Amino acid sequence: MTAIGRPHTAPTPASPGPGGSVLDPRAVAADPDRIKANLARRRADADTVAGVDRIVELSGRRGGLVQERDELRARRNSLSDEIGGLYKAGRRDEAEARKAEVAQGNTRIAELETELGALEEELRATALGLPNLVDDDVPEGTSEADNVQVGTWGTPRTFDFTPQPHVEVGEALGILDLERAAKLTGTRFSVLRGLGARLERSLASFFLDLHTREHGYTEVAVPYLVHARIAEGTGQLPKFAGDMFRLAEPLNGETTYLVPTAEVPVTNLHRDEILEAEQLPLQYVCFTPCFRSEAGSAGRDVRGLIRVHQFHKVELVWVTAPEDSDAAHASLVRHAEEGLRRLELPYRSMLLSSGDTSFSAARCIDLEVWLPSQKAFREVSSCSNFRDFQARRMNLRYRPPGEGGKKGKPAFAHTLNGSGLPLGRVLVALLENYQQADGSVVIPDALRPYVGADRIALGD
RNA sequence: GGAGAGGUGGCCGAGUGGUUGAAGGCGGCAGACUCGAAAUCUGUUGUGCCGCAAGGUACCGGGGGUUCGAAUCCCCCCCUCUCCGCCA
């Protein structure tokens, strides 16, 4: 049967489909220098920046070719009409003369279409490789060192003993078993046991309840496998194929990946749709496992639950009208933060610098939770506003209100998402922040109804 | 896995190879009638691409083919439904 293949680095061509123009081609053509300046802000490489000029050039050539082809088609259509009439009138030789002209035109049309096909494929591939533009007010910078702290909450607890890393805490309690996990799938996997497993399951219920009951999200359950085209829609493909696990065999005829985050299937739910303005905003919350190859992260966070090939996450996804996405982003961040506050975990929020903002995002706020053993804040949530970047890729539109109460032309929606929250890393934070001198771990109040215990002690 | 049926506009549903982007109905929108509403009547009501525009062009699940011309004919694929088998 179908096996899971090794992550691959060669970009898989996703099936061609509609959309695929990443940045607004008109906007690119109108002011390529502005686009290039923005790409420079996010430290795009020279090849990427060169793609802008290539797009301008290809788009221009495309227009001419399309026009010539359409004129030939128009001629063919009218000639065909005439031929029909001539046949009916029995004027065969006149019909034959027109047939000859159509045949000639068809030859040229075929040439043009071959040329157009190649040109459009290159245009598409080039456009898909361009990252989103970062917002103007995103802080200038090259890396996470340039991120700007925009908020902080809680006070790290003071310990009268040396706080242990989560691995020591969990293994000592018998709720975390990395050795046995390694027997099954090698490094970067975990096995939870007893109240450890229950605690993780409780976090899922807790976050889902929080967001559905208090924050207005609709819960969805989705496939954990997606076709390549879907991963292209959110921006994982074509550039980051190596970050995902790919099935060794096509599924239902198409190249298929394990989801790296619920963002991918959930954001794509409404691809190729035109949503009514009244339907917006859409707010989805979705619990899924997440599979990541972690290619290129060898040696980083090798121990424990912080960086693993499989973890669980509750994800928040929004689809909004363009004018509402800034407010939605603020709400999204607040909703994710609320998860940490209810669990009484200290955190800070960081506005990512231009160089640290991910490929698809226009702006991103990371939430970082305090880990006592590392005396450091570690990322638990990236809340991003993608503006219309993903929507263009997946042809996700809505119908804005038009002039005088009439309906307007379909326009691209905005999409956003953020973790709310990842179970593994939150579990790490709980084990570390709530550990006691005797090795037990106190369960925060908010989780006690879910866990059915107020503490995890040795022997539980 | 085996056998069969089917995929047409927001929905239902016609469609003989040639004014069919697509009849008809429902729904939606606008107007008339009304004090208002219902009912009725009239009109209108898809999306992409090229173009300043006028306009042109493409799209009837997807792709290929036949033809001067394809929603209509042929081939391949995908999806949905029914029955059988298997299975959580």
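Quick note on labels: first sequence line is chain A, next is B, and so on, each numbered from 1. What you see is a predicted model, and the numbers here were worked out from it, not measured in a lab.
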*Which of these nucleotides, B/rG46, B/rC68, B/rU57, is closest to any side-chain atom of A/R399?*
B/rG46
*Could you list by number each residue of residues 64-73 of chain A showing a heavy-atom separation from RNA chain B of less than 4.0 Å, or answer none if no residue does?*
A/V66, A/Q67, A/D70, A/R73
*Flag the pair A/R363 and A/D137 as a salt bridge only when some basic side-chain nitrogen lies within less than 4.0 angstrom of an acidic carboxylate oxygen.*
yes
*Have A/S325 and A/N385 got a donor and an acceptor in their side chains that come within less than 3.5 Å?*
yes
*Are A/R229 and A/E232 close enough for a salt bridge, meaning some N to O gap below 4.0 Å?*
no
*Of all the choices, B/rG18, B/rU47, B/rG56, which nucleotide is nearest to the side chain of A/S80 once you look at every atom?*
B/rG18
*asked:* Taking the minimum atom-to-atom distance to the side chain of A/P410, which one of B/rC68, B/rU47, B/rG56 wins?
replied: B/rU47
*asked:* Would you say that more than 12 heavy atoms from the other residues, nucleotides or ligands in this model lie under 6.0 Å from the CD of A/E323, or not?
replied: yes
_Heavy atoms of other groups near A/R193 CZ, more than 12 under 6.0 Å_ = no
*With P as the reference atom in both, quote the distance from B/rA5 to B/rC73 in angstrom, rounded to an integer.*
16 Å
*Should we count CZ of A/R180 as having more than 12 external heavy atoms under 6.0 Å?*
no
*Taking side chain as C-beta onward, heavy atoms only, is A/I35 less than 4.5 Å from A/I55?*
no
*Verify the contact: side-chain N or O of A/N252 to OP1 or OP2 of B/rC77, cut-off strictly under 4.0 Å; return yes or no.*
no
_Presence of A/N77 side-chain N/O under 4.0 Å of B/rU57 phosphate oxygens OP1/OP2_ = yes
Please list, pair by pair, any protein nitrogen or oxygen found under 3.5 Å from a nitrogen or oxygen in nucleotides 2-12 of chain B.
none

_With no hydrogens and no angle check, just 3.5 Å: does a side-chain donor-acceptor pair link A/D45 and A/T48?_
yes
*Decide yes or no for A/F291 and A/M244: does some side-chain heavy atom of the first lie under 4.5 Å from some side-chain heavy atom of the second?*
no
_Tell me which residues in residues 95-115 of chain A lie within less than 4.0 Å of RNA chain B, going by non-hydrogen atoms._
A/K99, A/V102, A/N106
